[in-house]
Amino acid sequence: MKKLTIIPAFISLIMLTFTGCNWNVTDSKYLTRPDIEVKGSSIIIRGAYVNSETKYINVYRQDVTDNEDAEVVRLGVIFPSGFDKENKTFMFFDENIFSGHEYRYYVRFVEENGSKNRTDWTEKKSNTNGAVPSSGSYAYAVPTDAKYTYDPVQFTLTLPSGKDFTEPTAIADFTEYKPALVFQNDDIIQTYEIADTTSVNLKTLLPQDYLYKDIKLLGIVGQKKEESGGTEPALKYIFWTELAAVKVLNSAGNEITSFKLEPEYGEENGYDYSIESDNEN
């Protein structure tokens with residue numbers, strides 16, 4: 001006689017639940033991934049933050065239309081004035097997308113104490129709205145002969161006469177963006193907005209943290225700022241276009257991968273002319 005296997009009703013219900021749902025399985029070392037939705041001609045990234053000491057949030061994107069290992073693009077920064085503090089949430093609009101392309105996102109929380117923690121990747125989404133461009137570029141066009149020459153005496157980067165970068169073609173109105181160069185100094189990678197792309201004075205542009213260290217120019221992006229309203233506006237968002245690499249030459253015309261800001265100072269030490277003593281009082 002064959003034995004009958006009886007599966008209790010509650011076990012059957014659990015099995016149906018597991019097989020009938022799509023589970024948001026994430027890598028436990030990452031924070032919970034944000035939600036994304038398509039709205040108008042944008043993709044919106046939204047999520048929760050749990051730390052009131054969050055200094056800012058970086059937003060990253062990957063175009064996985066043809067390649068799951070595509071380059072990760074830096075999209076921008078959300079500052080506390082852009083948070084919904086009542087609901088402890090954040091939101092970011094990605095407008096620089098192509099119609100039909102599949103994208104996924106993650107964000108990184110940077111706290112006041114310097115800690116940095118990222119989320120898992122979001123699900124993939126595409127936007128097929130007719131207002132979304134289907135071609136063009138979201139990066140500056142850099143001609144092959146548009147290379148900066150570094151002057152170690154004047155601390156300047158200069159393009160050849162008559163050469164410059166062309167604004168991204170996929171952005172219909174580029175007036176709100178300003179050119180910004182991306183520099184790397186050890187583990188620090190930062191953008192610095194410039195007024196003139198053809199001649200850049202690094203001594204007045206870069207802070208003292210860059211002195212006497214190897215500096216790499218990673219390229220150029222368009223940078224757009226959005227501020228809160230009111231009598232005391234605060235920075236809410238930074239938006240970046242995609243990075244376009246720019247090469248640097250030395251004074252001999254040879255390509256270099258890094259350079260240094262090394263201003264000259266007097267070599268001899270002065271002599272102590274002070275009067276105060278530690279045990280005077």
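- A donor-acceptor contact shorter than 3.5 Å links the side chain of Q184 to the backbone of D186.
- Between the T122 side chain and the D35 main chain, no donor and acceptor come within less than 3.5 Å of each other.
- S42 places no side-chain N or O within donor-acceptor distance of the main-chain N or O of I44, the cut-off being under 3.5 Å.
- Of the possible donor and acceptor atoms, one in the side chain of N185 sits under 3.5 Å from a partner among the backbone N and O of D209.
- Criterion: ILVMFWY side-chain heavy atoms under 4.5 Å apart, direct or through other members. Under it, Y148 and L249 are not part of a common hydrophobic cluster.
- Considering all non-hydrogen atoms of both residues, G222 and Y140 come closest at N-CE1, 3.6 Å.
- Hydrophobic cluster membership of Y56, counting Ile, Leu, Val, Met, Phe, Trp and Tyr whose side-chain heavy atoms lie under 4.5 Å apart directly or via other members: V77, F79, V110, V182, I189, L218, V221, L235, I238, W240, L243.
- Contact of the F90 side chain with the T54 side chain is not registered, since no non-hydrogen atoms from C-beta on lie closer than 4.5 Å.
- Across every non-hydrogen atom of D63 and H101, the tightest pair is OD2-ND1, 2.7 Å.
- Cluster membership check: Y192 shares its hydrophobic cluster with L202, using side-chain heavy-atom separations under 4.5 Å among Ile, Leu, Val, Met, Phe, Trp and Tyr.
- Under the 4.5 Å side-chain heavy-atom criterion for ILVMFWY residues, no single connected hydrophobic cluster contains both V153 and V248.
- Closest non-hydrogen pair, P143 versus D164, comes out as CD-O, 3.5 Å.
- No more than 12 heavy atoms of other residues, nucleotides or ligands sit less than 6.0 Å from atom CD of E176.
- Annotation for K236: atom NZ counts as buried by contact number, over 12 foreign heavy atoms lying within 6.0 Å.
- Residues E262 and F155 share a closest heavy-atom pair of N-CE2, 3.6 Å.
- No donor-acceptor distance shorter than 3.5 angstrom exists from the side chain of D151 to the backbone of T156, with no hydrogens or angles considered.
- No side-chain heavy atom of Y103 sits under 4.5 Å from any side-chain heavy atom of Q62.
- Heavy atoms only, all atoms of each residue included: N250 and T149 are closest at O-CG2, 3.9 Å.
- N113 pairs by the side-chain hydrogen bond (donor to acceptor under 3.5 Å, both in side chains) definition with S115, not counting sequence neighbours.
- Scanning both residues, I97 and D94, for their nearest heavy atoms gives CG2-OD2, 3.3 Å.
- N201 contributes a side-chain N or O that, together with a main-chain N or O of K203, makes up a donor-acceptor pair within less than 3.5 Å.
- For the pair T169 (side chain) and G136 (backbone), a donor-acceptor distance under 3.5 Å is absent.
- A 4.5 Å side-chain heavy-atom check between R33 and R104 finds every atom pair outside the cut-off.
- No side-chain donor-acceptor contact under 3.5 Å links S134 to the backbone of S99.
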